[in-house]
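First the structure, in the form of structure tokens, and then the observations on it.
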Amino acid sequence: MLHDSRSITVNDYEKEVTVEGWAQEVRNLGGISFLILRDRYGVVQITAPKKKITPEIMQAITSLSRESVVRVTGTVRASAQVKSGYEIIPSALIVQSPSATPLPMGVVDKVDVEMDTRFNHRYMDLRKPEVRSIFEIKSLTMRLIDEYLADNAFVEIFTPKLVASGAEGGSTLFKVDYFGKVAYLAQSPQLYKQMLMSTGLDRVFEIGPAFRAEPSDTARHVSEFISFDGEMAHIDSQEDVMAMIEGCTQFVISEVKERGARALEMIGSEVVLPKAPYPILSYEKAVGMVQGAGFKIELGEDLGTEGEKLLGDLMAQDGNEMYWIVEYPEEAKPFYIMEKDGTPYSYSFDLDYRGQEISSGGQREHRYDRLVQRMEKKGLELSSFEFYLNSFAYGMPAHGGWGLGVERMVQKMLGLPNIRETILFPRDRNRLVP
RNA sequence: GCCCCGGUAGUGUAGUGGCCUAUCAUGAAGCCCUGUCGAGGCUUCGACUCGGGUUCAAAUCCCGACCGGGGCGCCA
């Protein structure tokens with residue numbers, strides 16, 4: 001039975017164990033050599049005093065190239081001089097996979113590595129515990145979302161990622177050849193999750209990839225990301241939807257602090273549970289706030305990146321990390337959002353986390369005639385949405401929902417500078433490999 | 001897509017017309033050292049993104065391509 005750096009305890013002292021990992025570092029002092037072996041959970045020190053081990057093992061250790069995979073069997077010995085409190089005196093060592101030299105980038109080098117170099121050699125980058133830990137937190141986040149929504153009677157769904165038309169029109173879609181027909185990679189499960197609202201599956205969610213062919217080039221955009229979508233029927237207002245997201249984000253972040261403590265320590269992130277309830281700002285109020293801070297913007301305009309950041313700073317002054325911006329102009333919102341009659345606004349919301357939008361949603365237009373009107377107003381070709389529209393013609397309850405960018409949430413939660421840090425193999429305008 | 005900045009050993013950098021046979025660190029190869037943990041000491045190795053141009057002379061100046069960083073836009 002293989003041990004790892006985490007599972008060796010005082011009970012193993014003076015006993016023989018076998019460990020396997022990457023040779024992180026060899027320090028040869030002549031009469032004694034130290035091999036630092038790294039595995040998923042940490043490092044163990046293999047201590048090789050020349051007089052106590054065979055010349056073959058001494059030779060094998062001192063000639064090891066960094067990052068080779070080795071398996072070591074030896075006796076565990078208590079040592080006050082080692083951080084872990086113990087070391088292993090080797091009796092056998094097998095090089096299972098030697099590493100070539102030099103490394104394309106160092107795992108523990110004392111020099112910086114640029115982000116581009118890191119992503120070109122992501123397999124090597126991920127050997128750093130602080131990088132790997134981000135994905136343990138991301139995995140935990142997914143599981144917690146699952147847990148929360150299951151507790152709230154949501155059904156997990158899987159909608160097609162190969163589709164014939166998009167939710168917002170054609171320009172942001174990736175085109176693919178589908179047996180000679182034109183198809184697209186789905187930019188959102190929007191149409192499908194709404195159709196399900198007419199079925200009795202009245203609370204659904206999906207966590208899956210979304211594809212956007214936007215020519216965006218920022219630290220918060222990628223062309224493939226994980227979208228956490230939810231939709232609920234029989235709602236009274238969008239506040240029902242907002243309450244669900246608020247509960248979910250509160251649950252996720254507080255549990256990440258608990259259950260992810262070890263990984264968070266590796267990353268060096270101090271996660272703060274946002275103050276709840278999250279303040280609700282109307283779009284008008286938000287515009288007024290940034291205007292008041294001297295930012296030039298007209299009512300009706302989008303806040304823009306700077307406005308969004310500025311609002312984040314203003315909210316942070318009162319200790320608010322998350323807040324809602326509701327009732328955006330209907331003109332700026334997609335066709336499926338319900339208009340607030342008698343105003344230029346809509347029943348919609350954005351959830352901002354430290355000056356960045358992580359989620360948006362609202363109440364949907366479920367009234368067939370009004371939906372058709374709105375689609376015509378947005379210039380959509382009704383015939384390509386027939387499959388969707390039909391589900392509104394035979395009994396569709398009032399409903400609302402959201403989409404939340406999982407990576408944006410993880411990024412903001414961990415305070416990371418770039419969304420790419422939260423994606424193993426990010427896709428953007430210039431990166432398709434690896 | 002726009003604006004600004006950049007591309008030099010495996011990695012990260014210094015060098016902005018001749019003093020470059022290109023700096024430093026890290027790394028790699030090797031040697032010395034019995035308690036290292038950013039080990040230390042010594043020796044060696046290794047680079048100017050590509051294509052044009054200007055000049056007696058280009059890593060350095062100009063043009064183009066490709067790539068990257070920061071910001072914006074588009075957008076989530």
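To find a chain, count down the sequence lines: A is the first, B the second, and so on, and within it residues start at 1.
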#### Entry: Whole-Å distance separating the CD1 atom of Ile32(A) from the C1' atom of A39(B)
13 Å

### Message
Please classify the nucleic acid contact of Val82(A) as base, sugar-phosphate, or nothing, using heavy-atom distances under 4.0 Å.
### Response
base

### Task
Hunt down the Watson-Crick or G-U wobble partner of C61(B), both distances under 3.5 Å, from any strand shown, or write none.
G53(B)

### With Pro90(A), the side chain to side chain contact (heavy atoms under 4.5 Å, CB included) member among Ile53(A), Val19(A), Leu35(A)
Ile53(A)

Would you tabulate the pairs of protein nitrogen or oxygen atoms and nucleotide nitrogen or oxygen atoms of nucleotides 6-15 of chain B closer than 3.5 angstrom?
| residue | atom | partner | partner atom | Å |
| --- | --- | --- | --- | --- |
| G10(B) | O2' | Leu103(A) | O | 2.9 |
| G10(B) | O2' | Pro104(A) | O | 3.1 |
| U11(B) | O2' | Asp112(A) | O | 3.2 |
| G12(B) | OP1 | Glu114(A) | N | 3.1 |
| G12(B) | OP1 | Thr117(A) | OG1 | 2.7 |
| G12(B) | O4' | Asp112(A) | O | 3.0 |

### Query
How far does the C1' atom of U16(B) sit from the matching atom of U11(B), given to the nearest Å?
24 Å

## Note on the structure
Between CD of Glu67(A) and P of U26(B) the distance, given in whole Å, is 19 Å

Under 3.5 Å, which N/O atoms of the protein pair with N/O atoms of nucleotides 44-51 of chain B?
none

### Message
Roughly how many Å apart are G73(B) and A57(B), using the C1' atom of each and rounding to a whole number?
### Response
44 Å

### Message
Students often get this wrong, so: under 4.0 angstrom with heavy atoms, is Val406(A) touching a base, only sugar-phosphate, or nothing?
### Response
nothing

### Query
Hey, is the main chain of Gly42(A) close enough, under 3.5 Å, to the side chain of Asp39(A) for a donor-acceptor pair?
yes

### Query
Ring centroid separation for Phe174(A) and Phe211(A), is it under 6.0 angstrom?
no

### Message
Going by purine N1 to pyrimidine N3 plus the second Watson-Crick contact, or the G-U wobble pair, all under 3.5 Å, which nucleotide sits opposite U36(B)?
### Response
none

### Message
Distance check, P atoms only: C4(B) and A65(B), in whole angstrom units.
### Response
15 Å

### Task
May I ask you to decide if Glu298(A)'s main-chain N or O and Glu301(A)'s side chain share a donor-acceptor pair within less than 3.5 Å?
yes

### Task
Output yes when at least one side-chain N/O atom of Arg408(A) is less than 4.0 Å from OP1 or OP2 of A76(B), else no.
no

### Message
Can you tell whether the side chains of Arg122(A) and Asp125(A) come within less than 4.0 Å, N to carboxylate O?
### Response
yes

### Query
Who is the Watson-Crick or G-U wobble partner of U43(B), with both distances under 3.5 Å?
A29(B)

### Query
Taking the side chain of Asn28(A) as its heavy atoms from C-beta onward, which of U36(B), C67(B), C33(B) lies nearest to it?
C33(B)

### Query
Counting just side-chain N and O atoms, does Lys110(A) come under 4.0 Å of either OP1 or OP2 of G27(B)?
yes

#### Entry: Length of the CD-C1' vector between Gln45(A) and U36(B), whole Å
7 Å

### Ion pair check, Glu206(A) and Lys193(A), cut-off under 4.0 Å
no

### Message
Pairing check on U13(B): which nucleotide meets the Watson-Crick or G-U wobble criteria with it, both distances under 3.5 Å?
### Response
none

### Task
For Ala332(A) and for Ser79(A), find the nucleotide of RNA chain B with the closest heavy atom, then tell me which residue's nucleotide is more 5'.
Ser79(A)

### Message
At 4.0 Å (heavy atoms only), tell me whether Lys50(A) reaches a base, stays on the sugar-phosphate, or touches nothing.
### Response
nothing

### Query
Who does C66(B) pair with, Watson-Crick or G-U, both distances under 3.5 Å?
G7(B)

### Query
Is it true that Glu330(A) and Lys377(A) make a salt bridge, defined as a side-chain N closer than 4.0 Å to a carboxylate O?
yes

### Message
Rounded to whole Å, how long is the line connecting atom CG of Asn120(A) with atom P of G68(B)?
### Response
9 Å

### Task
Using both distances under 3.5 Å as the test, list the Watson-Crick or G-U wobble partner of G1(B), or none.
C72(B)

### Task
Using a heavy-atom cut-off of under 4.0 Å over every strand shown, decide if Gln24(A) touches base, sugar-phosphate, or nothing.
nothing

### Summary
All heavy atoms of Glu421(A) vs all of Phe135(A), minimum pair found to be O-CZ, 3.5 Å

### Query
Have Ser68(A) and Ser99(A) got a donor and an acceptor in their side chains that come within less than 3.5 Å?
no

### Message
Expressed as a whole number of angstroms, how long is the span from Asp428(A):CG to G70(B):P?
### Response
11 Å

### Task
Taking atom C1' in both U8(B) and U23(B), compute the distance separating them and give it to the nearest angstrom.
11 Å

### Query
To the nearest angstrom, how far is Glu25(A) atom CD from U36(B) atom C1'?
9 Å

### Query
Mapping Pro49(A) and Arg66(A) onto RNA chain B by nearest heavy atom, which one lands closer to the 5' end?
Arg66(A)

#### Entry: Salt-bridge criterion met for Arg38(A) and Glu67(A) (N-O under 4.0 Å)
yes

Please tabulate, one pair per line, each protein N/O and nucleotide N/O from nucleotides 72-74 of chain B that are separated by under 3.5 Å, including the distance.
| residue | atom | partner | partner atom | Å |
| --- | --- | --- | --- | --- |
| C72(B) | OP1 | Lys309(A) | NZ | 3.1 |
| C72(B) | N4 | Asp217(A) | O | 3.0 |
| G73(B) | OP2 | Thr305(A) | OG1 | 2.4 |
| G73(B) | O6 | Asp217(A) | N | 2.9 |
| G73(B) | N1 | Pro215(A) | O | 3.3 |
| G73(B) | N2 | Pro215(A) | O | 3.0 |
| C74(B) | O2 | Ser216(A) | OG | 2.9 |
| C74(B) | N3 | Ser216(A) | OG | 2.8 |

### Message
Could you tell me how far G38(B) sits from G52(B) if I compare only their P atoms? Round to whole Å.
### Response
50 Å

### Message
Counting the atoms with a prime plus P, OP1 and OP2 as sugar-phosphate, which does Arg77(A) contact under 4.0 Å by heavy atoms, base, sugar-phosphate, or nothing?
### Response
base

### Query
When you compare A59(B) with G6(B), how far apart are their C1' atoms, in angstrom units rounded to a whole number?
14 Å

### Any donor-acceptor pair under 3.5 Å from Glu246(A) side chain to Ala276(A) backbone
no

### Query
With the threshold set at 4.0 Å, does a side-chain nitrogen-carboxylate oxygen contact exist between Arg262(A) and Glu136(A)?
no

### Task
Give a yes/no verdict on a cation-pi contact between Lys333(A) and Tyr328(A), requiring under 6.0 Å between NZ or CZ and the six-membered ring centre and an angle within 45° of the axis.
yes

### Query
Which one is paired to C19(B), where only Watson-Crick or G-U wobble pairs with both distances under 3.5 angstrom count?
none

### Rounded distance in Å - CG (Leu29(A)) to C1' (G38(B))
14 Å

### Query
Where the side chain of Phe225(A) is concerned, which of C37(B), G35(B), A76(B) is the nearest nucleotide?
A76(B)

### Message
Tell me whether the count of non-hydrogen atoms from other residues, nucleotides or ligands lying under 6.0 Å of NZ in Lys378(A) goes above 12.
### Response
yes

